[in-house]
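Data first, discussion second: the structure below is written as structure tokens.
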Amino acid sequence: MNNKYKILLVEDESNIRTFVTALLEANEYQVISALGCSEAKTMYASHIPDLIILDLGLPDGDGTSFLSELRQKEITPVIVLSARSDEREKVKALDLGANDYVTKPFGSAELLARIRSVLRMYRHSADAGKLPGGKFTLGELVIDYDARRIHIGSEEIKLTQTEYNIIAFLSEHCGKMMTYSAIIKAVWREATDDASIKKLQVNMANIRKKFGSQLGESGYITNELGVGYRMNGDK
Ligand code: CA
């Protein structure tokens with residue numbers, strides 16, 4: 001079964017490892033697992049998985065140390081499993097290069113959806129959603145990068161330059177949760193502080209008004225309070 005995606009699960013809690021392994025295998029993924037950071041490195045090197053599901057609290061160190069080491073040379077997608085509700089941990093993992101995270105306890109459907117989304121994004125990372133002629137399309141949403149114009153269906157959404165830059169940036173990283181600091185750095189070339197986060201939130205509120213109901217949770221952009229924004233990749 002060489003066409004199966006191979007997933008490396010790094011998790012020390014046996015009940016979660018058993019649950020996730022059974023879930024993934026039932027969904028046609030091939031699963032290999034590691035109980036800690038050093039075993040994860042060995043397993044990664046010998047199996048070169050398509051995706052890594054990484055617990056943060058591991059017996060021989062923090063999962064983020066494995067992540068930062070991996071990111072020095074590899075772009076393999078990583079979904080972080082975090083028991084911590086602490087937003088700073090999620091932001092840290094995302095800024096270190098995690099593609100997404102799932103907070104424990106999580107449901108089967110949620111984990112599978114994240115896996116599909118991250119794999120899809122990774123597969124098409126070079127040209128995700130982009131049409132010839134510098135266009136991006138997602139459901140009814142079309143972004144014309146050359147003309148800097150946005151349409152939803154036949155309706156043009158009139159954005160300010162800054163609002164457009166935020167949406168264009170999120171679309172270029174479609175499917176990935178982008179932290180406040182990543183967006184602020186890209187759009188304003190500024191360091192992140194309370195004032196710049198406020199500025200971003202005000203712009204997002206204005207974008208939300210212009211997009212109407214189509215922007216929200218079930219729509220084009222997900223807002224994770226205290227973390228960042230994601231343009232949803234599977235519309
Ligand atoms: Ca753990």
Side-chain angles (χ1 to χ4, degrees), residues 4-122 173 175-182 222-230 232-234:
K4 281 188 180 181
Y5 282 110
K6 196 189 294 175
I7 297 180
L8 170 60
L9 171 63
V10 187
E11 169 63 78
D12 59 312
E13 283 170 64
S14 66
N15 56 341
I16 296 179
R17 212 169 51 240
T18 305
F19 163 71
V20 173
T21 301
L23 174 69
L24 297 183
E25 286 178 348
N27 284 273
E28 303 293 310
Y29 295 106
Q30 186 189 335
V31 185
I32 48 176
S33 56
L35 311 190
C37 292
S38 71
E39 195 183 357
K41 278 181 222 169
T42 311
M43 294 298 275
Y44 183 87
S46 50
H47 294 275
I48 314 293
D50 299 294
L51 180 137
I52 300 167
I53 297 175
L54 178 66
D55 181 34
L56 290 183
L58 293 165
D60 60 346
D62 197 294
T64 54
S65 64
F66 170 76
L67 175 62
S68 62
E69 201 172 307
L70 179 82
R71 276 292 173 265
Q72 288 170 17
K73 48 190 190 302
E74 304 289 350
I75 58 164
T76 310
V78 174
I79 296 174
V80 164
L81 292 183
S82 171
R84 308 160 194 194
S85 55
D86 185 351
E87 269 69 38
R88 280 173 305 179
E89 279 299 327
K90 298 174 185 173
V91 170
K92 183 183 173 196
L94 291 166
D95 281 338
L96 281 171
N99 297 71
D100 213 334
Y101 60 82
V102 177
T103 306
K104 296 176 187 173
F106 51 86
S108 310
E110 183 188 5
L111 180 62
L112 290 171
R114 296 295 170 86
I115 290 170
R116 282 195 303 271
S117 168
V118 166
L119 283 172
R120 192 182 307 117
M121 173 176 61
Y122 180 61
H173 301 273
K176 185 175 189 326
M177 176 65 73
M178 303 308 291
T179 60
Y180 294 148
S181 65
T222 298
N223 171 22
E224 182 88 20
L225 207 61
V227 179
Y229 297 93
R230 178 203 300 117
N232 298 312
D234 44 5

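In listed order, ligands and their atoms are each counted from 1.
- Not counting sequence neighbours, D12 has no partner by the salt bridge (Lys or Arg N to Asp or Glu O under 4.0 Å) test.
- Atoms of the protein (N, O or S only) found under 3.0 Å from the Ca ion (ligand 1) are D12 OD1, D55 OD2, G57 O.
- The structure places OG1 of T21 at 11.0 Å from CD1 of I16, a figure rounded to the nearest 0.5 Å.
- Counting only distance, with no hydrogens or angles, the side chain of R17 and the backbone of E11 share a donor-acceptor pair below 3.5 Å.
- Taking a cutoff of 4.0 Å between a charged side-chain nitrogen and a carboxylate oxygen, K104 and D55 qualify as a salt bridge.
- N99 places no side-chain N or O within 3.5 Å of a backbone atom of K176 that could act as its donor or acceptor partner.
- Aromatic ring orientation, F66 versus Y44: perpendicular (interplanar angle above 60°, classes split at 30° and 60°).
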